[in-house]
There are 2 protein chains.
Amino acid sequence: MNNLARSADDLASARNNAKTLVEYAYRMIREDILSAKLKPGSRLRVEHMRTEYDVGSSTLREALSLLVADRLVVSVGQRGFRVAPISLADIQDIMDLRKVLETRALRESIQLGTDEWEASVVAAFHRLSKVEERIDGQMTPELVDQWEACNNAFHDALISHSSSPWLLHFRDVLYHQSERYRRMALVDRTVPRDVHQEHADIKDAALDRDADAACRLTEEHIDRTLSVMSNIAALAEDADADA
Amino acid sequence: MNNLARSADDLASARNNAKTLVEYAYRMIREDILSAKLKPGSRLRVEHMRTEYDVGSSTLREALSLLVADRLVVSVGQRGFRVAPISLADIQDIMDLRKVLETRALRESIQLGTDEWEASVVAAFHRLSKVEERIDGQMTPELVDQWEACNNAFHDALISHSSSPWLLHFRDVLYHQSERYRRMALVDRTVPRDVHQEHADIKDAALDRDADAACRLTEEHIDRTLSVMSNIAALAEDADADA
DNA sequence: AAATTAAAAAATCTCGAAATTTTTATTGAC
DNA sequence: GTCAATAAAAATTTCGAGATTTTTTAATTT
């Protein structure tokens, strides 16, 4: 749990970008949970983290409370915080509901999307493609981060013209929940898969304004992602870590 | 904003029921927002609330952070917390998505429900009916609270056998969001409505295991509720309060 | 040796004061 | 009188020490 090494420069810039220290702490801890530096189920001791992230205990608790909302952290009565555990049932549930929300938002977005929307989809797809080219050679942690960001941006662009803030909010929560599993799957990836082609197909259907096809492809895309996730090592052992 | 009068006994018991002071503060503030004692859009000054709820600033901030997650409070950078504003567009969005989530959960619940589930639905309906009988005479704030609790319990019982924790979680968030509007509508209620019959019909369809009918009735129920809410006074003026 | 109790250690939770930042009020210049 | 700059006030944000609770360790009894 120690040694989440980060350069002093990284720390300084992260602190400057955030409006408050709480926001900074929130982002850092969240990133460490999503990247599994902080393992599912492990305890989050406020006293330890205080030195790790260099913030006061109240600030830290506030950041953790925000993460409880995102369901990336759970808090138990008088017994502190833990990283939310992972399980097969959980990711199945997440992906199942993601299909519902994502296709609903996509359908509406395709209907309402403007020329500007089309441009943003094409741009996001292009950026994602460039990162994927580089990944084919080697899979470094930095590339995983970049790919995650581009993948998120691409799917975001597709559904961005939905008129329902609540729908987008919930789909965002679920997307980040699945991100944790997806990053683990990227590390010990076993199933080969042409994700690039899947994205291209969704993009083309969306630009053709073929909502039915785009939604069908999206559901297949999510199903395939789930089947890759189901195989990750962390789910085989009985999940949770650190007593 | 002052004078949220509460008896000393109420305070003491609420503090005892909660495992932590944060939980206590969370519940109290949440209740005051849902009942609109704290008005939509109004500022939540930590210093004032500290004396009002009799807790320290860190404890209070932590409770407010949890409410930010529920989207009942919004926090702006270096400028403190506010009660989340209300708007017509917001409640339309909430109710629209509630129809999707609630019917999905209901369908699954009807399919999976046991005899025990049927019993809990009948029991919840009965409790709700008893409160509704008393309301017909007079509408006091205490009865509004009781009706809200029973209404929530009834709808909860109906969908309780859904197998998707995430679906239930999101529908819970939306239910409480709509609760704020519903309580306002109960105060200046204009449209007469046989809510009791609507509930009875949904209950009967659910017990008949007629998912299609139960879902259709639920959607109509939500639609009618929305049309009542659309007429509340607070939405007519430009919503937000307190500069 | 296992179980119970008591003491010590560690961790969470809570508080209010100090540091920052924003807002309001005052002063001075044009 | 309006605008800008400055000073004072008010509010948010942050911190670490103290109070409570939980956990661990040690001692005692059966």
Side-chain angles (χ1 to χ4, degrees), chain A residues 1-2 11-30 38-39 41-69 72-84 240-243, chain B residues 1-2 11-30 38-39 41-69 72-84 240-243:
Chain A
M1 162 110 89
N2 244 340
L11 274 172
S13 73
R15 285 207 175 202
N16 290 342
N17 289 348
K19 284 212 184 65
T20 64
L21 258 188
V22 169
E23 201 184 316
Y24 154 79
Y26 169 77
R27 284 202 212 146
M28 297 299 272
I29 300 170
R30 182 185 157 114
L38 293 170
K39 298 218 170 54
S42 63
R43 288 201 65 178
L44 296 169
R45 291 190 188 79
V46 174
E47 283 308 311
H48 287 201
M49 296 177 89
R50 236 165 64 73
T51 62
E52 194 69 55
Y53 296 94
D54 194 32
V55 293
S57 54
S58 299
T59 305
L60 194 49
R61 295 192 115 253
E62 215 176 299
L64 288 171
S65 295
L66 290 171
L67 287 163
V68 167
L72 289 171
V73 167
V74 292
S75 114
V76 187
Q78 207 68 256
R79 290 193 238 165
F81 299 90
R82 280 172 175 275
V83 179
D240 328 47
D242 192 334
Chain B
M1 161 110 91
N2 243 341
L11 275 172
S13 73
R15 284 207 174 202
N16 290 341
N17 290 347
K19 284 212 185 65
T20 63
L21 258 188
V22 169
E23 201 183 316
Y24 155 79
Y26 169 78
R27 283 200 212 146
M28 297 299 271
I29 301 170
R30 183 183 156 114
L38 293 170
K39 299 219 169 51
S42 63
R43 289 201 66 177
L44 296 170
R45 291 191 187 78
V46 174
E47 283 307 311
H48 288 200
M49 298 178 88
R50 235 165 64 73
T51 62
E52 195 69 55
Y53 295 94
D54 193 33
V55 294
S57 53
S58 299
T59 304
L60 194 49
R61 293 193 117 252
E62 214 176 299
L64 288 171
S65 296
L66 290 171
L67 287 163
V68 167
L72 289 171
V73 167
V74 292
S75 113
V76 187
Q78 206 70 252
R79 290 196 236 165
F81 299 90
R82 279 173 177 274
V83 178
D240 327 49
D242 192 331

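Note on naming: letters A, B, ... go to the chains in the order of the sequence lines (proteins, then strands), and numbering restarts at 1 for each one.
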Seminar exercise, completed: Sorted by chain and residue number, the side chain to side chain contact (heavy atoms under 4.5 Å, CB included) partners of A:Ala69 (sequence neighbours excluded) come out as B:Ala69
Strictly under 3.5 Å: I want the nitrogen or oxygen pairs between protein and nucleotides 16-20 of chain C, one per line.
residue: C:dG16; atom: OP2; partner: B:Arg50; partner atom: NH1; Å: 3.2
residue: C:dG16; atom: N7; partner: B:Ser57; partner atom: OG; Å: 3.3
residue: C:dG16; atom: O6; partner: B:Ser58; partner atom: OG; Å: 2.8

Exercise. Tell me: CZ of B:Arg43 to P of D:dA11, nearest whole Å?
Worked result: 8 Å
Exercise. Atom NE2 of A:His48 and atom P of C:dT12: how far apart are they, to the nearest Å?
Worked result: 8 Å
Exercise. Is a side-chain donor-acceptor pair under 3.5 Å present for A:Ser65 with B:Ser65?
Worked result: no
For this session: May I have the distance from B:Glu62 (atom CD) to C:dT12 (atom P), rounded to whole angstrom?
Result: 12 Å
Seminar exercise, completed: Atom CZ of B:Phe81 and atom P of D:dA11 are separated, to the nearest Å, by 15 Å
For this session: Rounded off to whole Å, could you give me the CZ-to-P distance for the B:Arg79 and D:dT13 pair?
Result: 11 Å
For this session: Return the value, rounded to whole Å, for the distance between atom CZ of B:Arg61 and atom C1' of D:dT14.
Result: 9 Å
For this session: Please report, rounded to the nearest Å, how far the P atom of D:dG16 is from the CG atom of A:Leu60.
Result: 12 Å
For this session: Mind running side-chain contact (heavy atoms from CB on, under 4.5 Å) on A:Arg30 and A:Arg27 for me, showing each step along the way?
Result: CA-CA 5 Å; A:Arg30 182 185 157 114; A:Arg27 284 202 212 146; 5.7 Å; no
For this session: Kindly indicate whether the side chain of B:Leu72, heavy atoms from C-beta on, has any atom under 4.5 Å from the side chain of B:Ile29.
Result: no
For this session: List for me each residue that meets side chain to side chain contact (heavy atoms under 4.5 Å, CB included) alongside B:Ser75, sequence neighbours excluded, and say none if there are none.
Result: B:Val68, B:Phe81
Seminar exercise, completed: Rounding to 0.5 Å, atoms CZ (A:Arg43) and CE (A:Met49) come to a distance of 12.0 Å
Seminar exercise, completed: Among the nucleotides C:dA11, D:dC15, D:dT13, whichever has the atom closest to the side chain of A:Leu21 is D:dC15
Problem set entry | Nearest-angstrom distance from the residue atom CD of A:Glu23 to P of D:dT13 | 11 Å
